[in-house]
Amino acid sequence: QVQLVESGGGLVQAGGSLRLSCAASGRTPSYYAMGWFRQAPGKEREFVAAISWSGSSTAYADSVKGRYTISRDNAKNTGYLQMNSLKAEDTAVYYCAARPSGTAREVFREYHYWGQGTQVTVSS
């Protein structure tokens with residue numbers, strides 16, 4: 001069993017920044033890609049960013065490109081999502097996910113493990 005625990009969410013003013021962390025523990029696969037998804041009230045879960053096991057490949061949703069940066073530290077089994085220039089429409093519950101493959105993917109069904117989510121609220 002793999003556990004993912006997100007942290008770093010909170011309330012921030014528009015234009016501000018937050019850094020989310022995702023700590024993996026338990027029986028983590030030898031290689032696993034990580035992704036971030038978000039879900040706003042009344043909306044479906046949407047892809048935000050993903051990173052390969054090596055960190056050499058990343059992908060971003062168009063809505064966050066240039067503002068968000070995904071990264072990871074495999075020695076710490078931790079992934080990060082740096083969010084800058086936040087907007088009110090970024091408000092959502094952010095979920096960390098992992099898949100037992102080194103390749104990053106943008107589809108949530110391809111991820112086997114999920115965190116409990118962390119709330120990000122951006123006030124305008």
Side-chain angles (χ1 to χ4, degrees):
Q1 190 75 4
V2 176
Q3 292 82 41
L4 300 175
V5 179
E6 302 100 332
S7 61
L11 173 64
V12 64
Q13 288 188 333
S17 299
L18 283 175
R19 188 195 196 202
L20 304 184
S21 298
C22 174
S25 62
R27 299 179 64 179
T28 55
S30 298
Y31 303 94
Y32 59 96
M34 299 183 79
W36 288 92
F37 295 78
R38 67 186 182 187
Q39 188 166 18
K43 295 187 177 181
E44 294 187 351
R45 189 170 300 190
E46 64 174 358
F47 168 76
V48 175
I51 187 168
S52 63
W53 164 254
S54 67
S56 61
S57 177
T58 58
Y60 296 92
D62 288 342
S63 59
V64 307
K65 205 170 290 184
R67 299 188 297 123
Y68 288 16
T69 302
I70 189 171
S71 62
R72 65 188 299 162
D73 183 341
N74 290 340
K76 297 181 179 179
N77 279 334
T78 302
Y80 305 97
L81 185 68
Q82 177 67 43
M83 306 184 295
N84 298 328
S85 302
L86 283 162
K87 306 174 182 179
E89 50 264 43
D90 294 319
T91 296
V93 177
Y94 283 70
Y95 297 91
C96 169
R99 60 188 301 268
S101 166
T103 307
R105 289 285 186 264
E106 301 181 19
V107 179
F108 76 88
R109 291 183 180 86
E110 303 230 23
Y111 287 82
H112 295 209
Y113 311 108
W114 291 85
Q116 80 289 351
T118 185
Q119 177 70 46
V120 171
T121 303
V122 184
S123 62
S124 57

J.: Side chain to side chain donor-acceptor pair (under 3.5 Å) with E89: which residues, sequence neighbours excluded?
T.: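 Side chain to side chain donor-acceptor pair (under 3.5 Å) check on E89 returns nothing, list empty.
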J.: Restricting to non-hydrogen atoms, name the atom on G79 and the atom on W36 that form the minimum distance, rounded to 0.1 Å.
T.: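 Closest heavy-atom pair between G79 and W36: O-CZ2, 4.2 Å.
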J.: Can you pull the disulfide (SG to SG under 2.5 Å) pairs that have at least one residue in residues 28-68, sequence neighbours excluded?
T.: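 Those involving residues 28-68 do not exist here.
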J.: Could you state the interatomic distance from CG (L20) to OG1 (T118), rounded to the nearest 0.5 Å?
T.: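 Interatomic distance, L20 CG to T118 OG1, rounded to 0.5 Å: 6.0 Å.
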J.: When clusters are formed from ILVMFWY side-chain contacts under 4.5 Å, directly or step by step, what else is grouped with Y113?
T.: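 Under the 4.5 Å side-chain rule, Y113 groups with V2, L4.
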J.: Working to the nearest 0.5 Å, report the span between CG of L11 and OG of S123.
T.: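 One finds 5.0 Å between CG of L11 and OG of S123.
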J.: Identify, with sequence neighbours excluded, every residue that meets side chain to side chain donor-acceptor pair (under 3.5 Å) alongside S56.
T.: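 Counting only residues at least two positions away or on another chain, S56 forms a side chain to side chain donor-acceptor pair (under 3.5 Å) with S54.
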J.: S63: which residues meet the side chain to side chain contact (heavy atoms under 4.5 Å, CB included) condition with it, sequence neighbours left out?
T.: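 If we apply the side chain to side chain contact (heavy atoms under 4.5 Å, CB included) test to S63, skipping adjacent residues, the hits are R38, A61.
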J.: Which pair of non-hydrogen atoms, one from A49 and one from L81, has the smallest distance, and what is that distance?
T.: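 That closest heavy-atom pairing would be CB-CD1, 4.1 Å.
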J.: Working note: Q82 + S71, criterion side chain to side chain contact (heavy atoms under 4.5 Å, CB included); need CA distance, chi angles, decisive distance, verdict.
T.: CA-CA 8 Å; Q82 177 67 43; S71 62; over 6 Å; no
J.: My understanding is that only residues two or more places apart in sequence, or in another chain, count here; which of them pass side chain to side chain contact (heavy atoms under 4.5 Å, CB included) with Q116?
T.: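 Q116 satisfies side chain to side chain contact (heavy atoms under 4.5 Å, CB included) with V5, E6 once adjacent residues are dropped.
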J.: Tell me, which pairs form a ring-ring contact (aromatic ring centres under 6.0 Å, His included) where one or both residues lie in residues 45-68, sequence neighbours left out?
T.: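 Qualifying pairs: Y31-W53, Y32-W53, F37-F47.
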J.: Mind checking salt bridge (Lys or Arg N to Asp or Glu O under 4.0 Å) for K65 and listing every partner two or more places apart, or none if nothing turns up?
T.: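 Once residues adjacent in sequence are excluded, the partners of K65 under the salt bridge (Lys or Arg N to Asp or Glu O under 4.0 Å) criterion are D62.
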J.: Without placing hydrogens or testing angles, list every side-chain donor-acceptor pair under 3.5 Å for residues 102-112, not counting sequence neighbours.
T.:
unit_1	atom_1	unit_2	atom_2	d
E110	OE1	R99	NH2	3.2
Y111	OH	R105	N	3.3
Y111	OH	R105	O	2.5

J.: Evaluate R72 against M34 for side chain to side chain contact (heavy atoms under 4.5 Å, CB included), listing each step before the verdict.
T.: CA-CA 8 Å; R72 65 188 299 162; M34 299 183 79; 3.7 Å; yes
J.: Sequence neighbours left out, what passes side chain to side chain contact (heavy atoms under 4.5 Å, CB included) with A40? Give chain and number order.
T.: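 So A40 forms a side chain to side chain contact (heavy atoms under 4.5 Å, CB included) with K43, A92.
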J.: Kindly compute the distance separating CG (L18) from OH (Y94), expressed to the nearest 0.5 Å.
T.: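 L18 CG to Y94 OH: 9.0 Å, rounded to 0.5 Å.
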J.: When you measure from the side chain of R67 to the backbone N and O of S85, does any donor-acceptor pair fall under 3.5 Å?
T.: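 At least one qualifying donor-acceptor pair exists.
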J.: List in chain and number order the residues that pass side chain to side chain contact (heavy atoms under 4.5 Å, CB included) with V122, two or more places apart in sequence or in another chain; answer none if no residue qualifies.
T.: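 If we apply the side chain to side chain contact (heavy atoms under 4.5 Å, CB included) test to V122, skipping adjacent residues, the hits are V12, A14, L86, D90, T91, V120.
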J.: Sequence neighbours left out, what pairs pass side chain to side chain donor-acceptor pair (under 3.5 Å) with at least one residue falling in residues 7-21?
T.: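 Pairs touching residues 7-21 that pass the test: S17-N84.
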